[in-house]
K.L.:
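Structure below; questions to follow.
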Amino acid sequence: MAARAKNNPYYRTREQLADDVYNVLNSDKLSLGAKHAVIFETTWLWTEIEGKYTGCYYWSKKACAHLHESETIKAKILRHDHVVPRNYIIKRFLYGDMMSSEEVFSFLKTNLVGCILLKSEDDYLNEIGYQRKMPSNWNFGDNIWSRYTEAEIDVCEIIWKKKGSVLENT
């Protein structure tokens, strides 16, 4: 799903996305399917709010070599991965304990993180069983980077000074 421009009438801030999840979860008038649909979309929009590639704060060290490629090239060789697979986030909301509005925002901010990987790194995660899974002993509150640690994928944080321009690569 592509990031929505801020002037798009359907654009929502992270605060609005979290409020929507909270309100949907607390509605007794919506079906489980409708709740799933809102949370499903939120898991995409949240991590791509600053951009699918350019603007994403976390990149594998190997992917960093391609920071300045065109978006077309990036789409061919890179993948926007969810550090905690989206199905974990969705199931937690649909089947876990209810949260306050503030807890929903905090949960999303902590656990719904995007990271840019090389396609080969994403393929390796899939190969070792981590396409849609966290390590078997992992629970919310544990290190969200556990899949990457086990796959020996090193990550750096990117500080963007403006769209498409890197200030710092740590």
Side-chain angles (χ1 to χ4, degrees), residues 1-8 10-18 20-21 36-93 104-135 138 140 142-170:
M1 178 172 291
R4 292 192 174 134
K6 290 183 180 178
N7 63 352
N8 182 318
Y10 303 116
Y11 173 83
R12 292 173 284 165
T13 64
R14 283 194 172 112
E15 291 79 7
Q16 290 168 322
L17 288 167
D20 287 348
V21 168
H36 179 276
V38 171
I39 298 165
F40 182 87
E41 181 180 56
T42 296
T43 62
W44 278 112
L45 294 173
W46 186 279
T47 63
E48 295 183 12
I49 205 161
E50 301 297 335
K52 183 169 185 168
Y53 302 109
T54 301
C56 188
Y57 296 116
Y58 297 100
W59 288 56
S60 76
K61 288 193 175 177
K62 291 179 181 177
C64 282
H66 303 282
L67 272 168
H68 300 293
E69 300 280 0
S70 72
E71 293 299 302
T72 303
I73 297 295
K74 287 176 184 172
K76 291 180 182 178
I77 60 174
L78 302 175
R79 295 294 176 264
H80 181 104
D81 187 52
H82 293 83
V83 177
V84 175
R86 293 178 314 114
N87 60 318
Y88 278 70
I89 305 294
I90 294 167
K91 287 177 184 175
R92 169 59 186 87
F93 279 129
V104 168
F105 182 85
S106 178
F107 178 83
L108 289 169
K109 186 176 178 185
T110 301
N111 295 288
L112 196 50
V113 175
C115 184
I116 306 305
L117 304 176
L118 287 178
K119 182 183 181 309
S120 60
E121 292 172 313
D122 185 57
D123 290 344
Y124 182 65
L125 281 174
N126 298 345
E127 185 181 306
I128 64 172
Y130 288 143
Q131 178 178 15
R132 291 186 179 95
K133 292 185 179 180
M134 293 297 283
W138 186 88
F140 285 109
D142 293 347
N143 181 357
I144 65 168
W145 300 97
S146 296
R147 289 188 313 145
Y148 291 36
T149 301
E150 291 202 15
E152 297 181 357
I153 296 173
D154 294 323
V155 174
C156 54
E157 184 174 3
I158 306 298
I159 300 171
W160 301 92
K161 63 181 177 181
K162 62 180 180 176
K163 185 86 171 162
S165 178
V166 176
L167 174 63
E168 192 175 321
N169 172 355
T170 59

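Small disclaimer: the values here were computed from a predicted structure and weren't measured.
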K.L.:
Please enumerate all residues that pass side chain to side chain donor-acceptor pair (under 3.5 Å) together with Lys119, with sequence neighbours excluded.
P.N.:
Asp123
K.L.:
Do you know the tightest heavy-atom contact between Thr43 and Thr47?
P.N.:
O-OG1, 3.7 Å
K.L.:
Might you point out which heavy atoms bring Arg147 and His82 nearest each other, and give the distance in Å?
P.N.:
NH2-O, 2.8 Å
K.L.:
Report the C-alpha distance between Leu17 and Leu108 in whole Å, list the side-chain angles of each, state the deciding distance to 0.1 Å, and finish with yes or no for side-chain contact (heavy atoms from CB on, under 4.5 Å).
P.N.:
CA-CA 9 Å; Leu17 288 167; Leu108 289 169; 5.6 Å; no
K.L.:
What heavy-atom pair brings Gly114 and Cys56 nearest, and what distance separates the two atoms?
P.N.:
O-SG, 3.6 Å
K.L.:
With a 4.5 Å limit on heavy-atom distance, are the side chains of Thr54 and Trp160 in contact?
P.N.:
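In short, these two side chains touch, coming nearer than 4.5 Å.
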K.L.:
Are Leu78 and Leu118 close enough that some pair of their side-chain heavy atoms sits under 4.5 Å apart?
P.N.:
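Side-chain contact under 4.5 Å: yes.
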K.L.:
Under the side chain to side chain donor-acceptor pair (under 3.5 Å) test, which residues partner Asp20, sequence neighbours left out?
P.N.:
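With sequence neighbours excluded, Asp20 shows a side chain to side chain donor-acceptor pair (under 3.5 Å) to Arg12, given in chain and number order.
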K.L.:
Please round to the nearest 0.5 Å and tell me the distance separating atom CD of Glu41 and atom CG of Leu45.
P.N.:
4.5 Å
K.L.:
CD1/Ile49 to OG1/Thr42 distance, rounded to the nearest 0.5 angstrom?
P.N.:
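So the CD1 of Ile49 and the OG1 of Thr42 are separated by 10.0 Å.
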K.L.:
Can a donor-acceptor pair be found, under 3.5 Å and without considering hydrogens, that links the side chain of Asn87 to the backbone of Arg132?
P.N.:
yes
K.L.:
Can you tell me if CZ on Phe107 sees more than 12 non-hydrogen neighbours from other groups inside 6.0 Å?
P.N.:
yes
K.L.:
Indicate whether the side chain of Tyr88 and that of Asn111 have a donor and an acceptor atom separated by less than 3.5 Å.
P.N.:
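Checked: Tyr88/Asn111 side chains show no N/O donor-acceptor pair below 3.5 Å.
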K.L.:
Do Phe140 and Thr110 come close enough that some side-chain heavy atom pair is under 4.5 Å?
P.N.:
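Heavy-atom side-chain distance check fails, nothing below 4.5 Å.
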K.L.:
Quick check: Trp138 with Tyr130 (ring centres under 6.0 Å apart)?
P.N.:
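Between Tyr130 and Trp138, the centre distance exceeds or equals 6.0 Å.
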K.L.:
Nearest 0.5 Å, please: how far is CD in Glu121 from CD1 in Ile116?
P.N.:
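Taking CD1 in Ile116 and CD in Glu121, the distance rounds to 11.0 Å.
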K.L.:
To check you understand the geometry: which heavy-atom pair defines the closest contact between Val104 and Ala18, and what is its length?
P.N.:
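What the structure gives for the nearest pair is CG1-O, 3.5 Å.
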K.L.:
Provide the closest heavy-atom pair for Met134 versus Asn143 in the form atom of the first, atom of the second, distance.
P.N.:
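Between these two residues, the closest heavy atoms are CE-O, 4.3 Å.
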K.L.:
So do the side chains of Tyr58 and Trp145 get within less than 4.5 Å of each other, counting heavy atoms only?
P.N.:
yes
K.L.:
Under the salt bridge (Lys or Arg N to Asp or Glu O under 4.0 Å) test, which residues partner Glu71, sequence neighbours left out?
P.N.:
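Applying salt bridge (Lys or Arg N to Asp or Glu O under 4.0 Å) to Glu71 gives Lys74.
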K.L.:
Once you round to the nearest 0.5 Å, how far does OH of Tyr148 lie from CG of Asp154?
P.N.:
12.0 Å
K.L.:
Look at atom CD of Glu152 and say whether more than 12 heavy atoms of other residues, nucleotides or ligands are closer to it than 6.0 Å.
P.N.:
no
K.L.:
Side chains of Ile153 and Leu125: closer than 4.5 Å at any heavy-atom pair?
P.N.:
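Contact flag for Ile153/Leu125 side chains = yes.
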K.L.:
Rounded to the nearest 0.5 Å, how far does CD of Glu15 lie from CZ of Phe105?
P.N.:
4.5 Å
K.L.:
So which heavy atom on Tyr53 is nearest to which on His80, and how close?
P.N.:
CE2-N, 4.1 Å
K.L.:
Just how far is it from atom CG of Leu112 to atom CD1 of Ile39, taken to the nearest 0.5 Å?
P.N.:
11.5 Å
K.L.:
Between His36 and Phe40, how do the two ring planes meet: parallel, tilted or perpendicular, split at 30° and 60°?
P.N.:
parallel
